[in-house]
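A short write-up of the structure that comes next.
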Amino acid sequence: MSNEEKVQAKVEVPMITFKVDGQTVSVPKTLPHPVTGKPEPISIIQACALAGVNIPHLCYHPKLPVAGNCRMCLIEYGMPVLDRERKPVLNPDGSPQIRRIPRQAIACATPVTPGMEVYTQTEGVVRARKSVLEFLALNHPLDCPICDKAGECKLQEYVHQYGQETSHFFETKLEKPKKKAISSKIVLDNERCILCTRCVRFTDSVAKNPALGILNRGALNTISNYPGTEFEHNYTLNTVDICPVGALTSRDFRFQMRTWFLSETPSICPNCATGCNILIHSLKGHIYRLTPRENDAVNSCWMCDSGRLNYKWVNDSRRLSNVLWSEAGRRDEIDWETAISKISAALKSSSKGSTAILVSARQSTEEIFLVSKLAKLLEAQTDSLPRIGEGDFLLLNPDMNPNSKAIEIFGLASATPGANVSKIAKAIESGAIRNLIAIGENPVEMGIEPGLLSRLDLFVVCDILGNKSTLEAQYLLPGASFAEKQGTFINAKGRVQRFGKAFDPMGEARPEYWILSSLLSALTDKLWPKTPEEIFNMMAAELPAFNGMTWAKLGTAGMNLLSTTNTTEK
Amino acid sequence: MTLWERLYLPTIIGGFAVSIKHFFRKKITMRYPEEKWTLPPGYRGIPYLVKDQHGRVKCVSCQLCEFICPPKAIKVTPPGPVDNPQVGSVEKQPREFEINMTRCIFCGYCQEVCPEEAIFLMDDYSMCKHSREEMILNMEKLLELGGVREDRLMKWKNKHNPQRS
């Protein structure tokens with residue numbers, strides 16, 4: 001959206017009044033087009049959604065251009081009668097006379113006009129819905145028992161709600177290819193497809209990769225990639241989400257679990273600094289899939305495939321699940337209380353400034369805040385590893401850390417993040433630094449040799465997956481992944497967003513905020529807050545950039561930081 | 001009590017009369033387990049899985065029985081994305097299907113909810129094992145015990161194009 005259009009969008013839009021099912025509603029005359037952002041007359045379906053009246057629809061999607069081909073949103077409406085002077089004709093009781101339009105219209109492509117009356121529950125509408133559903137289901141297979149969409153399928157819901165019980169169709173159903181590989185990540189079932197073209201419109205106008213289209217004619221109509229083009233980009237799996245039936249299914253989720261068993265937890269994608277709002281679909285401590293959650297301030301309704309498919313590590317066999325303490329070549333399991341008291345004793349006995357802390361920008365804001373407190377207490381040197389990948393035009397940010405902003409706000413990385421590591425390595429070599437704490441970072445990978453690490457008096461690693469550094473660690477503290485704890489991430493644009501806990505951490509593992517808060521309590525002999533909510537509220541009260549935010553105020557949509565420039569000074 | 005009642009003798013004789021009457025009646029006990037009941041139609045015994053007349057496992061692992069099961073006795077492991085050419089247009093078969101018979105309450109909801117007519121509560125009612133593990137019936141065992149039921153609809157059969165993929 002250019003600046004000019006932004007200004008246009010801010011201009012006050014005149015309101016119009018219309019009636020839906022007898023209820024008088026005022027709605028803006030125009031709404032911005034979902035793709036181009038230009039103001040367009042408000043359609044009946046949009047106006048009714050604003051009025052809280054739900055009109056069933058299949059091909060219409062609020063974030064896509066209107067196609068109007070499924071005919072599911074048929075409604076009846078009436079217009080005020082005008083006389084020769086274009087003045088409304090009044091009834092004897094003074095109300096404007098309304099003339100019903102004799103045939104139904106599709107609500108998604110009919111604009112609202114002042115004084116219009118919309119009827120969504122009349123006998124004609126009910127009959128129209130029944131007939132439309134009968135047509136859509138004519139050749140639709142009775143696949144529901146094996147269909148991955150069953151349970152969240154729009155067609156299934158509408159047939160149940162508005163459809164008729166019996167079919168007039170006694171001929172054999174058309175048989176079409178059922179397992180067509182339309183891309184490397186998606187399988188197309190042609191029989192289930194109702195040709196709503198949501199996927200076609202998505203690839204055209206949102207993903208800007210017009211690879212899909214409708215081929216052939218009549219009963220042989222099929223969704224396909226055009227010959228010579230490939231339906232391969234980083235946003236293909238969004239078409240699986242928006243498919244109203246089970247025609248497009250994700251290979252990754254295919255036949256893994258029925259949708260009604262999965263519980264949805266609102267969360268934030270931890271794979272880049274965009275911070276897309278997501279839902280974690282999980283069952284019994286196992287993530288089955290991630291899907292985007294609508295947030296117009298961040299990701300609209302979409303998320304990238306690379307983020308969506310990067311969750312398998314949460315249930316990986318390399319996950320750390322025990323607190324380990326190694327001394328003189330032996331490694332023993334110990335409990336948390338002993339580990340915390342031993343580490344705090346070692347830190348207390350060492351002199352100030354002899355500690356270095358490496359903290360990952362993948363940790364939650366609360367944890368980074370606690371690390372900054374710990375660093376201040378120990379006068380420690382700190383750094384964090386930048387992870388730079390490839391960004392793109394839509395959502396993917398080149399910064400692959402979800403919380404670089406928090407590291408920046410608390411000043412835990414050097415001016416160019418990662419530059420301090422070589423200084424820390426030298427200081428370990430010279431003996432100036434005797435203790436090293438790594439939280440979510442891998443010092444070996446960052447360039448501190450295992451030989452150097454063995455010279456340390458204290459080497460604590462808190463991580464999720466096993467790596468070269470966890471093998472060297474004196475104290476190995478298993479942490480929790482993003483799905484196993486609550487917290488907040490601050491995205492590249494400074495939006496603070498909360499993520500929720502889907503299930504308990506694996507084995508003995510505990511969330512890092514708990515570990516840090518326990519360590520701080522042991523070091524300072526006063527109690528530090530132990531829940532993300534308390535830590536967040538403490539942090540927000542301390543920093544003016546958080547602009548009076550509280551955990552409760554953040555809600556599920558998040559809030560923006562006051563300004564990102566004056567926060568770095570603090 | 002009257003004198004007649006205090007005599008006891010008439011009551012004892014009355015008792016003997018009842019016993020002797022039953023002595024000559026038809027026996028209502030049976031020599032279980034050598035002899036067994038003939039079960040009424042619709043009897044709800046142990047649930048088993050069945051195959052159709054062509055030897056196809058009828059269960060498509062839709063997991064509705066797992067969902068409906070009040071004591072959570074059924075555990076279905078969905079197949080995941082395996083391309084098994086044997087299953088044809090069904091596309092899906094459970095990888096594992098377990099019924100924990102220590103939990104089952106013989107309510108018959110699984111049979112009622114099954115959209116594929118793949119699970120039936122049959123005539124077996126006696127289930128005596130030595131351990132809890134043995135009380136968990138796996139798919140192999142359930143299919144073996146369930147046997148074959150004729151499928152008159154053959155919903156998944158390809159009518160025109162057997163090569164359809």
Side-chain angles (χ1 to χ4, degrees), chain A residues 139-151 153 156 160 170-192 219-220 222 240 246-263 281 283-284 286 288-289 309 312 315, chain B residues 49-50 52 56-69 72-98 109-119 151-165:
Chain A
N139 282 307
H140 196 84
L142 285 173
D143 263 0
C144 303
I146 62 161
C147 179
D148 279 331
K149 200 78 177 187
C153 170
Q156 197 182 32
H160 201 79
F170 295 108
E171 293 78 7
T172 27
K173 291 192 176 196
L174 272 181
E175 288 184 7
K176 292 184 186 173
K178 279 190 82 68
K179 273 186 279 185
K180 194 174 157 200
I182 197 165
S183 88
S184 57
K185 296 169 205 148
I186 298 175
V187 181
L188 168 67
D189 188 320
N190 279 95
E191 286 188 345
R192 293 180 198 157
L220 300 176
T222 173
V240 175
L248 297 171
T249 49
S250 156
R251 257 179 217 279
D252 181 62
F253 183 63
R254 197 169 161 83
F255 301 157
Q256 295 288 355
M257 187 47 69
R258 307 313 305 269
T259 54
W260 51 80
F261 285 109
L262 302 174
S263 47
H281 295 248
L283 173 68
K284 290 177 191 159
H286 193 94
Y288 280 88
R289 61 172 176 180
L309 297 176
K312 303 247 155 88
N315 300 104
Chain B
L49 292 177
V50 298
D52 71 3
R56 180 179 69 83
V57 178
K58 289 183 81 178
C59 175
V60 297
S61 107
C62 74
Q63 293 176 282
L64 282 177
C65 50
E66 186 178 358
F67 186 66
I68 201 86
C69 183
K72 296 192 193 306
I74 299 178
K75 190 182 156 210
V76 185
T77 314
V82 278
D83 275 325
N84 180 4
Q86 303 292 313
V87 296
S89 66
V90 187
E91 296 184 78
K92 221 179 152 191
Q93 245 176 30
R95 199 187 306 160
E96 186 51 273
F97 193 110
E98 285 175 354
Y109 279 11
C110 48
Q111 175 180 338
E112 202 170 316
V113 80
C114 183
E116 299 294 327
E117 304 190 337
I119 189 164
D151 185 350
R152 278 162 297 168
L153 276 177
M154 295 301 287
K155 172 178 148 191
W156 297 106
K157 198 181 153 202
N158 297 319
K159 289 172 190 84
H160 306 303
N161 181 8
Q163 296 302 314
R164 181 174 70 156
S165 67

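Order of the sequence lines fixes the chain letters, A, B, ..., with proteins taken first and strands second; residue numbering starts at 1 for each chain.
Residue B:Glu96 places its CD atom among more than 12 non-hydrogen atoms of other residues, nucleotides or ligands, all under 6.0 Å distant. Atom NZ of A:Lys312 has more than 12 neighbouring heavy atoms from other residues, nucleotides or ligands inside a 6.0 Å radius. Summarising the local packing, OH of B:Tyr109 is surrounded by 12 or fewer heavy atoms from other residues, nucleotides or ligands at distances under 6.0 Å. Taking a 6.0 Å sphere around CD of B:Gln111, one finds it holds more than 12 heavy atoms contributed by other residues, nucleotides or ligands.
If you measure heavy-atom distances from B:Glu66 to chain A, the contacts under 4.5 Å come from both the backbone and the side chain. Of the two parts of A:Asp189, only the side chain, counted from C-beta on, holds a non-hydrogen atom closer than 4.5 Å to a non-hydrogen atom of chain B. Residue A:Asp143 touches chain B through both its backbone and its side chain, counting heavy-atom pairs closer than 4.5 Å. Interface remark: A:Phe261 contributes side-chain atoms only to the contact with chain B (heavy atom separation under 4.5 Å).
Considering CD of A:Gln256 and OG1 of B:Thr77, their distance stands at 11.5 Å, rounded to 0.5 Å.
Across all non-hydrogen atoms, the minimal contact from B:Lys92 to A:Phe255 is CD-CD2, 3.5 Å. Nearest heavy-atom pair across A:Pro145 and B:Glu116 is CG-OE2, 3.4 Å.
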